[in-house]
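Here the structure is laid out as C-alpha coordinates; the discussion comes afterwards.
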Amino acid sequence: MRYAIITGASKGLGEAIAKRLLMEEIAVISVSRTENEEIKQLAAEKGNYYKHYSCNLSIEEEVQEIFMLITHYIFLENPEEIFLFNNAGVIEPIHTVGNLDQTPIIRNIDVNLIAPILITNLFLKKAQQANTSLQVINITSGAAVRSIEGWSVYCSAKAGLNMFTQTVALEQAAAKSTHKIYALSPGIMDTKMQETIRSSSNEAFKELGHFKEFKEKSLLLPPEKVANALVDLALSGEAETGRIYNVNDLI
Ligand SMILES: NC(=O)c1ccc[n+]([C@@H]2O[C@H](COP(=O)([O-])OP(=O)(O)OC[C@H]3O[C@@H](n4cnc5c(N)ncnc54)[C@H](OP(=O)(O)O)[C@@H]3O)[C@@H](O)[C@H]2O)c1
(Lines give C-alpha, C1' and ligand atoms only; values in the text may rest on other atoms or scores of the structure.)
Protein backbone atom coordinates (compact mmCIF):
# COMPACT_ATOMS: atom_id res chain seq x y z
CA MET A 1 0.00 0.00 0.00
CA ARG A 2 1.07 3.61 -0.58
CA TYR A 3 0.69 6.05 2.34
CA ALA A 4 0.59 9.84 2.50
CA ILE A 5 1.01 11.81 5.69
CA ILE A 6 -0.21 15.38 5.36
CA THR A 7 0.22 18.01 8.02
CA GLY A 8 -2.41 20.76 7.89
CA ALA A 9 -4.85 18.62 5.89
CA SER A 10 -7.84 20.23 7.61
CA LYS A 11 -7.87 23.32 5.36
CA GLY A 12 -6.52 24.99 2.25
CA LEU A 13 -3.77 23.31 0.26
CA GLY A 14 -3.47 20.36 2.66
CA GLU A 15 -7.18 19.59 2.31
CA ALA A 16 -6.91 19.68 -1.49
CA ILE A 17 -3.85 17.38 -1.43
CA ALA A 18 -5.67 14.91 0.84
CA LYS A 19 -8.77 14.81 -1.38
CA ARG A 20 -6.73 14.25 -4.55
CA LEU A 21 -4.67 11.47 -2.91
CA LEU A 22 -7.84 9.68 -1.79
CA MET A 23 -9.00 9.72 -5.42
CA GLU A 24 -5.71 7.96 -6.25
CA GLU A 25 -6.48 5.26 -3.66
CA ILE A 26 -3.55 6.27 -1.50
CA ALA A 27 -3.96 5.81 2.26
CA VAL A 28 -4.14 9.21 3.95
CA ILE A 29 -2.99 10.16 7.43
CA SER A 30 -3.99 13.68 8.36
CA VAL A 31 -2.31 15.67 11.16
CA SER A 32 -3.64 19.01 12.44
CA ARG A 33 -5.48 20.44 15.43
CA THR A 34 -8.92 20.02 13.81
CA GLU A 35 -10.36 17.32 11.58
CA ASN A 36 -11.95 17.93 8.18
CA GLU A 37 -15.27 16.06 7.98
CA GLU A 38 -15.39 16.16 4.15
CA ILE A 39 -12.13 14.23 3.93
CA LYS A 40 -13.38 11.67 6.44
CA GLN A 41 -16.57 11.24 4.40
CA LEU A 42 -14.74 11.00 1.06
CA ALA A 43 -12.44 8.30 2.46
CA ALA A 44 -15.45 6.33 3.73
CA GLU A 45 -17.17 6.60 0.33
CA LYS A 46 -14.03 5.45 -1.50
CA GLY A 47 -13.35 2.69 1.05
CA ASN A 48 -9.85 4.11 1.53
CA TYR A 49 -7.66 3.94 4.60
CA TYR A 50 -7.81 7.30 6.39
CA LYS A 51 -6.88 8.34 9.90
CA HIS A 52 -6.74 11.72 11.54
CA TYR A 53 -4.35 12.51 14.39
CA SER A 54 -5.04 15.63 16.39
CA CYS A 55 -1.74 17.38 17.03
CA ASN A 56 -0.57 20.88 17.79
CA LEU A 57 2.62 21.14 15.75
CA SER A 58 3.87 24.04 17.85
CA ILE A 59 4.24 21.70 20.85
CA GLU A 60 7.39 19.58 20.54
CA GLU A 61 6.16 16.82 22.88
CA GLU A 62 2.97 16.36 20.84
CA VAL A 63 4.95 16.19 17.59
CA GLN A 64 7.30 13.54 19.01
CA GLU A 65 4.49 11.48 20.53
CA ILE A 66 2.10 11.56 17.55
CA PHE A 67 4.75 10.96 14.90
CA MET A 68 6.31 8.08 16.88
CA LEU A 69 2.84 6.49 16.78
CA ILE A 70 2.40 7.20 13.06
CA THR A 71 5.83 5.94 11.99
CA HIS A 72 5.49 2.86 14.21
CA TYR A 73 2.15 1.99 12.59
CA ILE A 74 3.13 2.72 8.99
CA PHE A 75 6.44 0.90 8.91
CA LEU A 76 4.86 -2.22 10.46
CA GLU A 77 2.59 -2.27 7.39
CA ASN A 78 5.65 -2.54 5.11
CA PRO A 79 4.41 0.17 2.73
CA GLU A 80 5.41 0.26 -0.91
CA GLU A 81 5.90 4.03 -0.85
CA ILE A 82 5.45 6.90 1.62
CA PHE A 83 4.72 10.53 0.77
CA LEU A 84 5.27 12.98 3.61
CA PHE A 85 3.78 16.43 2.98
CA ASN A 86 5.07 18.98 5.49
CA ASN A 87 2.34 21.45 4.56
CA ALA A 88 0.99 23.02 7.79
CA GLY A 89 1.98 26.65 8.09
CA VAL A 90 1.24 29.89 9.91
CA ILE A 91 1.85 33.44 8.69
CA GLU A 92 1.48 35.24 12.01
CA PRO A 93 2.94 37.31 13.61
CA ILE A 94 2.52 40.05 11.01
CA HIS A 95 4.25 43.25 12.15
CA THR A 96 7.58 44.98 12.00
CA VAL A 97 10.33 43.77 14.34
CA GLY A 98 10.23 45.68 17.60
CA ASN A 99 6.44 45.36 17.56
CA LEU A 100 6.18 41.57 17.83
CA ASP A 101 4.94 39.48 20.75
CA GLN A 102 7.19 36.62 21.78
CA THR A 103 4.73 33.71 21.78
CA PRO A 104 3.59 34.00 18.11
CA ILE A 105 7.25 34.31 17.03
CA ILE A 106 8.09 30.99 18.66
CA ARG A 107 4.88 29.34 17.42
CA ASN A 108 5.65 30.39 13.85
CA ILE A 109 9.16 28.90 13.87
CA ASP A 110 7.87 25.76 15.63
CA VAL A 111 5.15 25.06 13.04
CA ASN A 112 6.91 26.26 9.88
CA LEU A 113 10.42 24.98 10.56
CA ILE A 114 11.01 22.91 13.72
CA ALA A 115 8.08 20.52 13.17
CA PRO A 116 9.07 19.66 9.55
CA ILE A 117 12.66 19.04 10.72
CA LEU A 118 11.58 16.77 13.60
CA ILE A 119 9.10 14.86 11.42
CA THR A 120 11.52 14.40 8.50
CA ASN A 121 14.20 13.18 10.90
CA LEU A 122 11.84 10.53 12.32
CA PHE A 123 10.71 9.33 8.89
CA LEU A 124 14.20 9.15 7.41
CA LYS A 125 15.44 7.22 10.45
CA LYS A 126 12.72 4.60 9.98
CA ALA A 127 12.99 4.57 6.18
CA GLN A 128 16.73 3.86 6.33
CA GLN A 129 15.94 0.60 8.14
CA ALA A 130 13.07 -0.42 5.84
CA ASN A 131 12.60 -1.39 2.24
CA THR A 132 10.36 1.58 1.52
CA SER A 133 10.76 4.55 -0.73
CA LEU A 134 10.12 7.91 0.91
CA GLN A 135 9.35 11.29 -0.67
CA VAL A 136 9.41 14.30 1.65
CA ILE A 137 7.59 17.30 0.16
CA ASN A 138 8.01 20.57 2.03
CA ILE A 139 5.60 23.42 1.30
CA THR A 140 7.62 26.60 1.24
CA SER A 141 6.86 30.12 0.00
CA GLY A 142 8.14 32.84 -2.28
CA ALA A 143 8.72 34.66 1.02
CA ALA A 144 11.69 32.32 1.59
CA VAL A 145 13.62 34.17 -1.11
CA ARG A 146 12.01 37.64 -1.04
CA SER A 147 12.17 39.82 2.07
CA ILE A 148 8.68 41.12 2.84
CA GLU A 149 8.32 43.88 5.42
CA GLY A 150 6.07 42.73 8.28
CA TRP A 151 6.71 39.02 7.59
CA SER A 152 10.23 38.70 9.02
CA VAL A 153 9.49 35.56 11.06
CA TYR A 154 7.61 33.76 8.26
CA CYS A 155 10.30 34.69 5.68
CA SER A 156 13.02 33.40 8.02
CA ALA A 157 11.22 30.14 8.79
CA LYS A 158 10.54 29.38 5.12
CA ALA A 159 14.14 30.30 4.14
CA GLY A 160 15.24 27.81 6.81
CA LEU A 161 12.92 25.17 5.36
CA ASN A 162 14.48 25.65 1.89
CA MET A 163 17.98 25.26 3.29
CA PHE A 164 16.94 22.20 5.30
CA THR A 165 15.46 20.63 2.15
CA GLN A 166 18.61 21.22 0.11
CA THR A 167 20.95 20.02 2.87
CA VAL A 168 19.05 16.78 3.48
CA ALA A 169 19.01 16.15 -0.27
CA LEU A 170 22.81 16.44 -0.36
CA GLU A 171 23.16 14.05 2.57
CA GLN A 172 20.82 11.51 0.99
CA ALA A 173 22.67 11.73 -2.32
CA ALA A 174 25.99 11.18 -0.54
CA ALA A 175 24.49 8.13 1.17
CA LYS A 176 23.30 6.87 -2.27
CA SER A 177 19.79 6.77 -0.89
CA THR A 178 16.75 6.63 -3.16
CA HIS A 179 14.67 8.75 -0.77
CA LYS A 180 13.72 12.15 -2.16
CA ILE A 181 13.19 15.50 -0.51
CA TYR A 182 12.07 18.62 -2.36
CA ALA A 183 9.97 21.73 -1.78
CA LEU A 184 7.19 23.62 -3.53
CA SER A 185 6.50 27.32 -3.43
CA PRO A 186 2.74 27.18 -4.16
CA GLY A 187 2.06 30.78 -5.24
CA ILE A 188 -0.66 32.95 -3.76
CA MET A 189 -3.67 30.72 -3.05
CA ASP A 190 -7.22 31.45 -2.01
CA THR A 191 -7.08 29.99 1.52
CA LYS A 192 -7.58 31.00 5.15
CA MET A 193 -3.95 32.13 5.27
CA GLN A 194 -4.75 34.85 2.73
CA GLU A 195 -7.77 35.89 4.85
CA THR A 196 -5.41 36.30 7.81
CA ILE A 197 -3.06 38.40 5.66
CA ARG A 198 -5.92 40.62 4.45
CA SER A 199 -7.09 41.16 8.04
CA SER A 200 -3.75 42.70 9.05
CA SER A 201 -3.20 46.48 9.10
CA ASN A 202 -1.33 48.89 6.81
CA GLU A 203 0.87 49.78 9.75
CA ALA A 204 1.88 46.13 10.28
CA PHE A 205 2.09 45.13 6.61
CA LYS A 206 3.14 47.56 3.90
CA GLU A 207 1.90 45.39 1.00
CA LEU A 208 -1.62 44.96 2.40
CA GLY A 209 -3.23 46.88 -0.47
CA HIS A 210 -1.64 44.59 -3.09
CA PHE A 211 -2.86 41.48 -1.29
CA LYS A 212 -6.41 42.88 -1.06
CA GLU A 213 -6.23 43.60 -4.78
CA PHE A 214 -5.15 40.01 -5.57
CA LYS A 215 -8.43 38.84 -4.02
CA GLU A 216 -10.59 41.58 -5.57
CA LYS A 217 -9.17 40.85 -9.03
CA SER A 218 -9.53 37.06 -8.55
CA LEU A 219 -5.79 36.54 -9.00
CA LEU A 220 -5.49 33.94 -6.23
CA LEU A 221 -4.80 30.35 -7.25
CA PRO A 222 -7.37 27.71 -6.28
CA PRO A 223 -5.59 25.34 -3.88
CA GLU A 224 -7.03 22.37 -5.84
CA LYS A 225 -5.08 23.45 -8.94
CA VAL A 226 -1.81 23.60 -6.98
CA ALA A 227 -2.55 20.29 -5.21
CA ASN A 228 -3.24 18.50 -8.49
CA ALA A 229 0.01 19.73 -10.04
CA LEU A 230 2.00 18.74 -6.95
CA VAL A 231 0.43 15.29 -6.62
CA ASP A 232 1.01 14.68 -10.36
CA LEU A 233 4.69 15.47 -9.78
CA ALA A 234 4.96 13.24 -6.70
CA LEU A 235 3.23 10.28 -8.39
CA SER A 236 5.25 10.64 -11.60
CA GLY A 237 8.41 9.59 -9.75
CA GLU A 238 10.18 12.34 -11.75
CA ALA A 239 10.59 14.90 -8.96
CA GLU A 240 14.18 16.14 -8.58
CA THR A 241 15.50 15.73 -5.09
CA GLY A 242 16.81 18.95 -3.52
CA ARG A 243 14.87 21.16 -5.91
CA ILE A 244 12.77 24.09 -4.71
CA TYR A 245 9.93 24.02 -7.23
CA ASN A 246 7.84 27.04 -8.01
CA VAL A 247 4.18 26.46 -8.84
CA ASN A 248 4.83 28.05 -12.27
CA ASP A 249 7.20 25.16 -13.05
CA LEU A 250 4.23 22.80 -12.71
CA ILE A 251 1.13 24.56 -14.08
N1 LIG B 1 -2.04 30.60 0.93
C2 LIG B 1 -0.99 31.13 0.31
O3 LIG B 1 -1.12 32.09 -0.47
C4 LIG B 1 0.38 30.54 0.52
C5 LIG B 1 1.45 31.11 -0.19
C6 LIG B 1 2.72 30.57 -0.05
C7 LIG B 1 2.90 29.47 0.79
N8 LIG B 1 1.85 28.94 1.47
C9 LIG B 1 2.11 27.78 2.34
O10 LIG B 1 1.21 26.74 1.98
C11 LIG B 1 0.95 25.89 3.12
C12 LIG B 1 -0.54 25.72 3.29
O13 LIG B 1 -1.10 26.99 3.55
P14 LIG B 1 -2.66 27.31 3.39
O15 LIG B 1 -2.75 28.57 2.64
O16 LIG B 1 -3.39 26.10 2.94
O17 LIG B 1 -3.01 27.65 4.91
P18 LIG B 1 -4.36 27.53 5.75
O19 LIG B 1 -5.55 27.46 4.87
O20 LIG B 1 -4.27 28.62 6.76
O21 LIG B 1 -4.20 26.11 6.46
C22 LIG B 1 -3.14 25.91 7.36
C23 LIG B 1 -3.14 24.46 7.84
O24 LIG B 1 -2.07 24.34 8.80
C25 LIG B 1 -2.59 23.76 9.99
N26 LIG B 1 -1.92 24.30 11.16
C27 LIG B 1 -1.67 25.60 11.46
N28 LIG B 1 -1.13 25.70 12.68
C29 LIG B 1 -1.04 24.43 13.17
C30 LIG B 1 -0.60 23.89 14.40
N31 LIG B 1 -0.13 24.67 15.41
N32 LIG B 1 -0.67 22.55 14.57
C33 LIG B 1 -1.16 21.76 13.60
N34 LIG B 1 -1.59 22.20 12.41
C35 LIG B 1 -1.55 23.54 12.21
C36 LIG B 1 -4.08 24.12 10.01
O37 LIG B 1 -4.80 23.10 10.71
P38 LIG B 1 -5.60 23.32 12.10
O39 LIG B 1 -6.02 24.75 12.15
O40 LIG B 1 -6.73 22.34 12.00
O41 LIG B 1 -4.61 22.95 13.13
C42 LIG B 1 -4.44 24.09 8.52
O43 LIG B 1 -4.84 22.80 8.12
C44 LIG B 1 1.65 26.59 4.30
O45 LIG B 1 2.88 25.99 4.55
C46 LIG B 1 1.85 28.02 3.80
O47 LIG B 1 2.92 28.65 4.44
C48 LIG B 1 0.59 29.45 1.36
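Order of appearance sets the numbers: ligands from 1, and atoms from 1 within every ligand.
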Quick one, Phe123 with Ile70, criterion side-chain contact (heavy atoms from CB on, under 4.5 Å). Give me CA distance, side-chain angles, the key distance, then yes/no.
CA-CA 10 Å; Phe123 270 86; Ile70 294 173; 4.1 Å; yes
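Taking a 6.0 Å sphere around CD of Gln41, one finds it holds 12 or fewer heavy atoms contributed by other residues, nucleotides or ligands. Taking a 6.0 Å sphere around CD of Gln64, one finds it holds more than 12 heavy atoms contributed by other residues, nucleotides or ligands.
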Extract all donor-acceptor atom pairs below 3.5 Å that involve side chains of residues 227-238 and protein atoms in other chains or at least two apart in sequence.
| unit_1 | atom_1 | unit_2 | atom_2 | d |
| --- | --- | --- | --- | --- |
| Asn228 | OD1 | Arg20 | NH1 | 3.4 |
| Asn228 | ND2 | Glu224 | O | 3.2 |
| Asp232 | OD1 | Arg20 | NH1 | 3.1 |
| Asp232 | OD1 | Arg20 | NH2 | 2.8 |
| Ser236 | OG | Leu233 | O | 2.7 |
| Ser236 | OG | Glu238 | N | 3.0 |

Quick check for students: name every N or O atom pair between ligand 1 and the protein closer than 3.5 Å, with distances.
| unit_1 | atom_1 | unit_2 | atom_2 | d |
| --- | --- | --- | --- | --- |
| ligand 1 | 1 (N) | Thr191 | OG1 | 3.0 |
| ligand 1 | 3 (O) | Met189 | N | 2.9 |
| ligand 1 | 3 (O) | Gln194 | NE2 | 2.8 |
| ligand 1 | 15 (O) | Thr191 | OG1 | 2.5 |
| ligand 1 | 16 (O) | Leu13 | N | 2.9 |
| ligand 1 | 20 (O) | Met193 | N | 3.4 |
| ligand 1 | 28 (N) | Arg33 | NH2 | 3.3 |
| ligand 1 | 31 (N) | Asn56 | OD1 | 2.9 |
| ligand 1 | 32 (N) | Leu57 | N | 2.8 |
| ligand 1 | 37 (O) | Ser10 | OG | 3.0 |
| ligand 1 | 39 (O) | Lys11 | NZ | 2.5 |
| ligand 1 | 39 (O) | Arg33 | NH2 | 3.0 |
| ligand 1 | 40 (O) | Ser10 | OG | 2.7 |
| ligand 1 | 40 (O) | Thr34 | N | 3.0 |
| ligand 1 | 40 (O) | Thr34 | OG1 | 2.5 |
| ligand 1 | 41 (O) | Arg33 | N | 2.8 |
| ligand 1 | 41 (O) | Arg33 | NE | 2.7 |
| ligand 1 | 41 (O) | Arg33 | NH2 | 3.4 |
| ligand 1 | 43 (O) | Gly8 | O | 3.0 |
| ligand 1 | 43 (O) | Ser10 | OG | 2.7 |
| ligand 1 | 43 (O) | Lys11 | N | 3.4 |
| ligand 1 | 45 (O) | Asn87 | O | 2.7 |
| ligand 1 | 45 (O) | Lys158 | NZ | 2.9 |
| ligand 1 | 47 (O) | Tyr154 | OH | 2.6 |
| ligand 1 | 47 (O) | Lys158 | NZ | 3.1 |

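Looking only at side-chain heavy atoms (C-beta outward), Ile119 and Leu57 come within less than 4.5 Å of each other.
Listed here is the closest heavy atom pair of Gly187 and Leu221: CA-CD1, 4.2 Å.
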